[in-house]
Visitor: 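The structure that follows is given in the form of structure tokens.
Proteins come first, then strands; the chains are lettered A, B, ... in the order of their sequence lines, and each starts at number 1.
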There are 2 protein chains.
Amino acid sequence: MRLVIARCTVDYAGRLTAHLPSALRLLLVKSDGSVSVHADDRAYKPLNWMSPPCWLTEEPGVWTVRNKADETLTITLEEIQHDSQHDLGIDPGLVKDGVEAHLQELLAEHVHTLGEGWTLVRREYPTAIGPVDLLCRDDSGSSVAVEIKRRGEIDGVEQLTRYLELLNRDPLLAPVAGIFAAQQIKPQARVLATDRGIRCVTLDYDALRGIESDEFRLF
Amino acid sequence: MRLVIARCTVDYAGRLTAHLPSALRLLLVKSDGSVSVHADDRAYKPLNWMSPPCWLTEEPGVWTVRNKADETLTITLEEIQHDSQHDLGIDPGLVKDGVEAHLQELLAEHVHTLGEGWTLVRREYPTAIGPVDLLCRDDSGSSVAVEIKRRGEIDGVEQLTRYLELLNRDPLLAPVAGIFAAQQIKPQARVLATDRGIRCVTLDYDALRGIESDEFRLF
DNA sequence: AGGTCGATGTCGTAC
DNA sequence: GTACGACGTCGACCT
């Protein structure tokens, strides 16, 4: 990884065109060839960048970064205040916990929390427009499609609505009810779901995990 | 801006929990208080970060970054290889060209490219759930709502559908037709739009700009 | 503060 | 490679 602090102008030509007037900035050149230009604010997003795979051509005072789609990032250097190189090695990478996949696993193993006597037909039940998170049967044997989100917003309701429309065309399944399950459901999403006859369920990740560990304790 | 190269472990607890095993990484502390942790690959995305507003507490060997929502980023430092401070000043910021706003401007000025004798009612026509990009009238005086995207995907069709549903409840406007206009329209989005009676129009940014300059040339 | 929407979104993954 | 959905999406704008 190479760190350069320099006064520079930057021009990007690709999906859009963009220009950065002259100023002091951090140029970050990573070992995969990617380049990013950072100002002294905003943790997440660089002012300008080129993602790998891409290639840096270095001429005196001008860096050109190009990718396969022929997008270019041109950095014109006016004054270099710092330039250092560091060998970081390969990063072991991030370990995550608490994402949607985990919610799906947990709820799949505890569909009875949705209703007494409910059973799981399958996770990732395939449809023409993509898989439904869970397909269940309630105690009377009726089908129920469940869409799971960490944060329940309007998009998720639309997604479930599309699935329901499709599933209800299948005479072997219809009628299929819908459940919108999320750790947190935005008021607007709840209104839309309710208006469409979709039941909303708030999930408690820690509680579901609790059930898990309780059951573990039984053995 | 402070640049630190250090062997460290990182723990994030907030919307999810995440852990980074010990490795050599770049720690980027910006003057707005934000902190990001970068590996030697991927231009854009830090491994871990805390966005401003947030606050860094520095103890020997342990940094803690916290925000208002009480999410925390804990960095445990094992070995510091580099530590430098740089005063970059305020960045003049990015000048962009070719984003959706420009497409909207251009199409607003050339609604006749959508149909002979069409007129613009207004840009950003307000509805209860957000503004419609363009509201037009066709040659017969009928209303047409236009949703503009750079890249036309399924979300945009859903968005336009919601607008149309609302606009068609207004007896002064109804019936309102829909146009989904984008530089590029994904097949799935086209299918969905067509199925809902929404016309799809592919926009040519350069051509629209060309019309612009042609008209300039007339004077 | 909360909602909506655009983004050079980026990133993973299934087909 | 393309398409699609998730993301600690972020960030900008408006109420």
Visitor: Go through it in stages, so that I can follow the logic: the residues are B:Glu158 and B:Leu192, the test is side chain to side chain contact (heavy atoms under 4.5 Å, CB included), and I'd like the CA-CA distance, side-chain angles, deciding distance and then a yes or no.
Guide: CA-CA 9 Å; B:Glu158 296 288 16; B:Leu192 185 63; 4.2 Å; yes
Visitor: Whole-Å distance between D:dG5 C1' and B:Leu192 CG?
Guide: 15 Å
Visitor: How many angstroms lie between atom OG of B:Ser143 and atom CG of B:Leu167, to the nearest 0.5 angstrom?
Guide: 8.0 Å
Visitor: Phosphate oxygens OP1/OP2 of D:dG8: is one of them under 4.0 Å from a side-chain N or O of A:Lys96?
Guide: yes
Visitor: Report which part of the nucleic acid B:Pro131 touches: base, sugar-phosphate, or nothing (heavy-atom distance under 4.0 Å, all strands).
Guide: nothing
Visitor: I need the CG-P distance between A:Asn67 and C:dT10, as an integer number of Å.
Guide: 11 Å
Visitor: B:Tyr163 near the nucleic acid: base, sugar-phosphate alone, or nothing, with a heavy-atom cut-off under 4.0 Å?
Guide: sugar-phosphate
Visitor: Looking only at atom C1', what distance separates C:dT8 and D:dC14, rounded to whole Å?
Guide: 25 Å
Visitor: Scan residues 39-54 of chain A against DNA chain D and write down, sorted by residue number, each residue with any heavy atom closer than 4.0 Å; if none is found, say none.
Guide: A:Arg42, A:Tyr44
Visitor: Pull out every residue in residues 9-33 of chain A that has a heavy atom closer than 4.0 Å to any atom of DNA chain C, ordered by number, or say none.
Guide: A:Tyr12, A:Arg15, A:Leu16
Visitor: The side chain of B:Val99 is closest to which nucleotide in this list: C:dA7, D:dG5, C:dG3?
Guide: C:dA7
Visitor: When the C1' atoms of C:dA7 and D:dC7 are considered, how many whole Å apart are they?
Guide: 14 Å
Visitor: Return the CE to CG distance between B:Met1 and A:Leu3, rounded to the nearest 0.5 Å.
Guide: 10.0 Å
Visitor: CD of A:Gln159 versus P of D:dG5: gap in Å, rounded?
Guide: 6 Å
Visitor: Between CG of B:Leu203 and OG1 of B:Thr113, what distance do you get to the nearest 0.5 Å?
Guide: 7.5 Å
Visitor: Donor-acceptor check, side chain of B:Arg190 to backbone of B:Cys200, threshold 3.5 angstrom: yes or no?
Guide: no
Visitor: Distance only, no hydrogens: is a donor on one side chain within 3.5 Å (strictly under) of an acceptor on the other, for A:Tyr163 and A:Asp133?
Guide: no
Visitor: B:Arg151 side chain N/O closer than 4.0 Å to the phosphate oxygens (OP1, OP2) of D:dT2?
Guide: no
Visitor: B:His102 vs B:Tyr205 aromatic rings, parallel, tilted or perpendicular, using cut-offs 30° and 60°?
Guide: parallel
Visitor: Please give, in whole Å, the distance from C:dC5 C1' to B:Glu147 CD?
Guide: 9 Å
Visitor: D:dA6 P sits how many Å from A:Lys149 NZ, rounded?
Guide: 3 Å
Visitor: Roughly, in whole Å, what's the span from CD in A:Glu153 to C1' in D:dC7?
Guide: 11 Å
Visitor: Checking A:Glu147 side chain against A:Val157 main chain: does a donor-acceptor pair fall under 3.5 Å?
Guide: no
Visitor: So does B:Asp91 pair up with A:Arg42, basic N to acidic O under 4.0 Å?
Guide: no
Visitor: Atom OH of A:Tyr125 and atom P of C:dA14: how far apart are they, to the nearest Å?
Guide: 19 Å
Visitor: When the distance from CD1 of A:Ile148 to P of D:dA6 is rounded to whole Å, what number comes out?
Guide: 11 Å
Visitor: Mind checking if A:Leu103 touches a base, just sugar-phosphate, or nothing, with heavy atoms under 4.0 Å?
Guide: nothing
Visitor: Are there over 12 heavy-atom neighbours, none belonging to B:Asp206, within less than 6.0 Å of that residue's CG?
Guide: yes
Visitor: Where the side chain of A:Gln188 is defined as all heavy atoms beyond and including C-beta, which of D:dG8, D:dA3, C:dG3 is the nearest nucleotide?
Guide: C:dG3
